[in-house]
There are 2 protein chains.
Amino acid sequence: MEVSSQSRLGPDAWVDAAYAAFEAGGVSAVRIDRLAKALKITRGSFYWHFKDRRALLQAVLDRWDQSKTEGAITANEDAGGDPSDRLLRLLHTCASDDGKLEIGIRAWASEDEDARQTVERIDERRISYMARLANAAGVPEHVASARARVGYLAWLGSYSGAVPTDVDQRIADMDCLWRMMLET
Amino acid sequence: MEVSSQSRLGPDAWVDAAYAAFEAGGVSAVRIDRLAKALKITRGSFYWHFKDRRALLQAVLDRWDQSKTEGAITANEDAGGDPSDRLLRLLHTCASDDGKLEIGIRAWASEDEDARQTVERIDERRISYMARLANAAGVPEHVASARARVGYLAWLGSYSGAVPTDVDQRIADMDCLWRMMLET
DNA sequence: ACCTGAACACCGTTCAAGT
DNA sequence: ACCTGAACACCGTTCAAGT
């Protein structure tokens, strides 16, 4: 537990720099070359800490998962309130996110199968948490699930990311939305 | 109007190749280098037809707009039926799209301001068409607008793309969804 | 009017050699 | 254990020179 004034860099320094670059300019801003210059080190040394650029992006994804999913859920639970309040607070937290990482991560996931799977798992984790809150607030379980799903997708759509679902699922979504849209 | 057996290539040949590459592998698959090899021509000649790679991607975006927005709307109108039928058919058409281009275009738009604006205009065009159908089917105008918006976003979210909206708008969306989720 | 070929820049990746 | 420096590959972009 001492001040990190090492002359040699650890992997964390690379992830810090990559995370910041990602937030500022998306996947394409995460360049080993530029990060190395910023860290005042040669790019060759990067490969001591990481297998390749993909491994670095994977580390950024993991950090994002911790802070924006597990961390956010824990924080929301700790803040208390009844289920209805918790859900509203969660949605407001979601709406307040500037989406920079949400967009960037999904843009990357659209071109990397492993990342796509990780993001899909994270989406499922979030949806099931929302569904649990709605259910606890009195909405029947499977209705809560359907609405949590549609609600989450609409939130995602407000940034527009990239997690493919299958055709049948989407057709079912559309039928549901169609009825919602046409009922007076 | 003759068979295009020119020895010299027109811009269309590049756009055709780029569109196909984009559909198969997203933005990062659109490489002047590789397209040139596929077209059996040097990459230098590309710059006679286009200012740069961005201009080529812009042409892909325009073609996508024509086929997936203007073309789709016209086709749906031509197919007839009452407003309610037209809306359902439209939603089914949407749900059937594999989203390859939808995802790729938005991944690119997340890193290119001009593309982002074009995509935003296209989204608005689509939403207003959906709202018009819902309204014609008997839903009051501003309710139809709100639902068309949420519905469209949910569809987008099912692929997860990248079109930032502002915080206030998203908070309003969330309040609306919250009520929808909690009403029995 | 359209294309070639060579050149340069940017950057990912490898690796032998250094400390 | 961690870093350097040189090398190579890939690819965007420019441009003088060809047809």
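Numbered from 1 within each chain, the chains take letters A, B, ... in sequence-line order. This structure is a prediction, so every number in the text was calculated from the model and none was measured. Below, all heavy atoms of this structure are taken into account, side chains as well, without hydrogens, waters or symmetry copies.
- The CG atom of B/Leu56 sits 10 Å away from the P atom of D/dT13 (whole-angstrom rounding).
- Nucleotide D/dG18 forms a pair with C/dC2, judged by Watson-Crick or G-U wobble geometry with both contacts under 3.5 Å.
- Counting to the nearest Å, the C1' atom of C/dT4 and the CG atom of B/Asp33 are 15 Å from each other.
- Distances shown here put a side-chain N or O of A/His49 below 4.0 Å from the OP1 or OP2 atom of D/dC3.
- With no hydrogens or angles considered, no side-chain donor-acceptor pair links A/Ser110 and A/Arg116 at under 3.5 Å.
- Considering only side-chain atoms of B/Arg34, the nucleotide from D/dG5, D/dC11, C/dG5 that sits closest is D/dC11.
- Residue B/Arg43 is in base contact, counting any heavy-atom pair closer than 4.0 Å across all strands shown.
- Residue-to-nucleotide proximity on DNA chain C shows that, of A/Val30 and A/Ser45, the 5′-proximal contact is made by A/Val30.
- With rounding to whole Å, A/Trp48 atom CH2 is found 14 Å from C/dA16 atom P.
- Checked against C/dT4, D/dG12, D/dC3, the side chain of B/Arg31 finds its nearest nucleotide in D/dG12.
- Rounding to whole angstrom units, CZ of residue A/Phe46 and C1' of D/dG5 are separated by 18 Å.
- C/dC11 atom P lies 15 Å from atom CG of A/Leu57, rounded to whole Å.
- Base-pair partner of C/dT13: D/dA7 (Watson-Crick or G-U wobble, both distances under 3.5 Å).
- In this structure, B/Tyr152 and B/Trp155 have tilted ring planes: the angle between them lies in the 30° to 60° band.
- In summary, A/Asp78 and A/Arg86 do not engage in a salt bridge, as defined by a charged side-chain N under 4.0 Å from a carboxylate O.
- Comparing atom distances between the A/Tyr47 side chain and each of C/dT13, C/dT4, D/dT14 picks out C/dT13 as nearest.
- Between B/Leu39 atom CG and C/dC3 atom P the separation is 10 Å, expressed in whole Å.
- The nearest heavy atom of DNA chain C to A/Lys51 and to A/Lys37 marks one nucleotide each, and the one closer to the 5' end goes with A/Lys37.
- Within a 6.0 Å sphere centred on CD of A/Glu77, heavy atoms belonging to other residues, nucleotides or ligands number more than 12.
- Using a cut-off of 4.0 Å between Lys/Arg side-chain N and Asp/Glu carboxylate O, A/Glu70 and A/Arg125 are scored as salt-bridged.
- For the pair B/Ile32 CD1 and D/dT13 C1', the computed distance is 10 Å after rounding to whole Å.
- Distance, B/Phe50 CZ to D/dT13 P: 13 Å, rounded to whole Å.
- For A/Arg53, the side-chain atoms get nearest to C/dT13 when compared with the rest of C/dT13, D/dC10, D/dT4.
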